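In this text the structure is predicted, and so the values were computed from the model without any measurement.
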Amino acid sequence: YCPKRVIKQMLHSISRRLTEWFFRHNWVEENNYTWCLYVVEKKLLQFCFLLILSICCIISNQYFNTLVFMATMYFLRRRMGGWHAPYNWMCILLTTVTTFIVLYIFAPVLMRINSLTMWTLDILLILAAFRTNPIYPPQLHFEQEIISSNRKKKNFTLVCITIIQVISVQLGFPQVLIFSFNGILVSILLIVAEKIKQKHGGFLYEAVE
């Protein structure tokens, strides 16, 4: 008996049934069956994560900070892509652990940094994010046109985040700068991890099997 295997099989089974239901209703073409199965499973995983994230918010009692961090990472990840954990349970676990590390380790350290230094770090990070091209797992089969479009949307998202940071700090909410900074940082690190994985033939996947 292995809980993580049971969870994986359960999610895959539900995803397969939903995909077959879509297929029977002619909502999905036969050549898109595998892609639809992948997307449905990811959406179910997102739903599971939202449940766990709600628990994290309750435990930490940092609803606003958690929301800022996760919203920043979510909107950037949609356009930038990056590394995905090979197992559903691992994705949930790593995201939960990362959230708590940001809440209790990274953010408190950054809050003790003076304003000028924090803004300097933030600007440098945003410039790095502007220069970072989107990258996606091969199974998504994104065409270059979609990647180029997501690059523009990614840059627009970064501009919006910067504006929100400036306004929030002026209104007396410096934690928005801190936690959005962490969201951008994690997004870039996931891009780096995916590039390493693709360059070295998927060793990050093999390492956890």
So, do V68 and Q175 sit near enough that their side-chain heavy atoms are less than 4.5 Å apart? no
If we ignore hydrogens and angles and just use 3.5 Å, is the side chain of K154 paired with the main-chain N or O of A129 as donor and acceptor? yes
How many angstroms lie between atom CD1 of I184 and atom OG1 of T157, to the nearest 0.5 angstrom? 10.5 Å
Above 12 or not: heavy atoms from other molecules or residues under 6.0 Å from CZ of F100? yes
Spacing of CD1 belonging to I123 relative to CD belonging to Q165, to within rounding of 0.5 Å: 9.0 Å
Under 4.5 Å between any side-chain heavy atoms of F69 and V186, yes or no? yes
In one Ile/Leu/Val/Met/Phe/Trp/Tyr side-chain cluster, 4.5 Å: L171, L177: yes
Taking side chain as C-beta onward, heavy atoms only, is T66 less than 4.5 Å from F179? no
In the structure I gave you, are the side-chain heavy atoms of V176 and F64 within less than 4.5 Å of one another anywhere? yes
Given N182, which of L110, I101, T99, L125 fulfils the side chain to side chain contact (heavy atoms under 4.5 Å, CB included) condition? L110
Do the side chains of W119 and V166 get nearer than 4.5 Å, heavy atoms only? yes
Can you tell me how far apart CG (L190) and CE (M80) are? Round to the nearest 0.5 Å. 9.0 Å
In Å, rounded to the nearest 0.5 Å, how long is the span from CD of E194 to CD1 of I196? 10.5 Å
When clusters are formed by joining ILVMFWY residues with side-chain heavy atoms under 4.5 Å apart, either directly or through shared neighbours, do L124 and F181 land in the same one? no
CG/D122 to CG/L127 distance, rounded to the nearest 0.5 angstrom? 9.5 Å
Neighbour count >12 (heavy atoms, 6.0 Å) for atom OH, Y63: yes
Carefully, step by step, assess F130 and V159 under the rule side-chain contact (heavy atoms from CB on, under 4.5 Å). CA-CA 9 Å; F130 269 112; V159 171; 3.8 Å; yes
Please tell me whether L93 and L189 are part of a single hydrophobic cluster in this structure, the criterion being side-chain heavy atoms less than 4.5 Å apart. yes
Closest non-hydrogen atoms of R77 and S187, given as atom of the first, atom of the second and distance, are CG-OG, 4.2 Å
F75/I161 under side-chain contact (heavy atoms from CB on, under 4.5 Å): CA gap, chis, key distance, verdict: CA-CA 10 Å; F75 285 112; I161 291 173; over 6 Å; no
Do M118 and I105 belong together in a cluster built from hydrophobic side chains that touch within less than 4.5 Å? yes
Rounded to the nearest 0.5 Å, how far apart are OG of S180 and CG of L185? 11.5 Å
Are W83 and I191 packed together at the side-chain level, in the sense that at least one heavy-atom pair is separated by less than 4.5 angstrom? no
Are M73 and V97 linked, directly or through intermediate hydrophobic residues, by side-chain heavy-atom contacts shorter than 4.5 Å (ILVMFWY only)? yes
Using the rule given for side-chain contact (heavy atoms from CB on, under 4.5 Å), can you reason through I188 versus L76, listing the C-alpha separation, both sets of side-chain angles and the distance that settles it, and then say yes or no? CA-CA 9 Å; I188 293 178; L76 282 178; over 6 Å; no
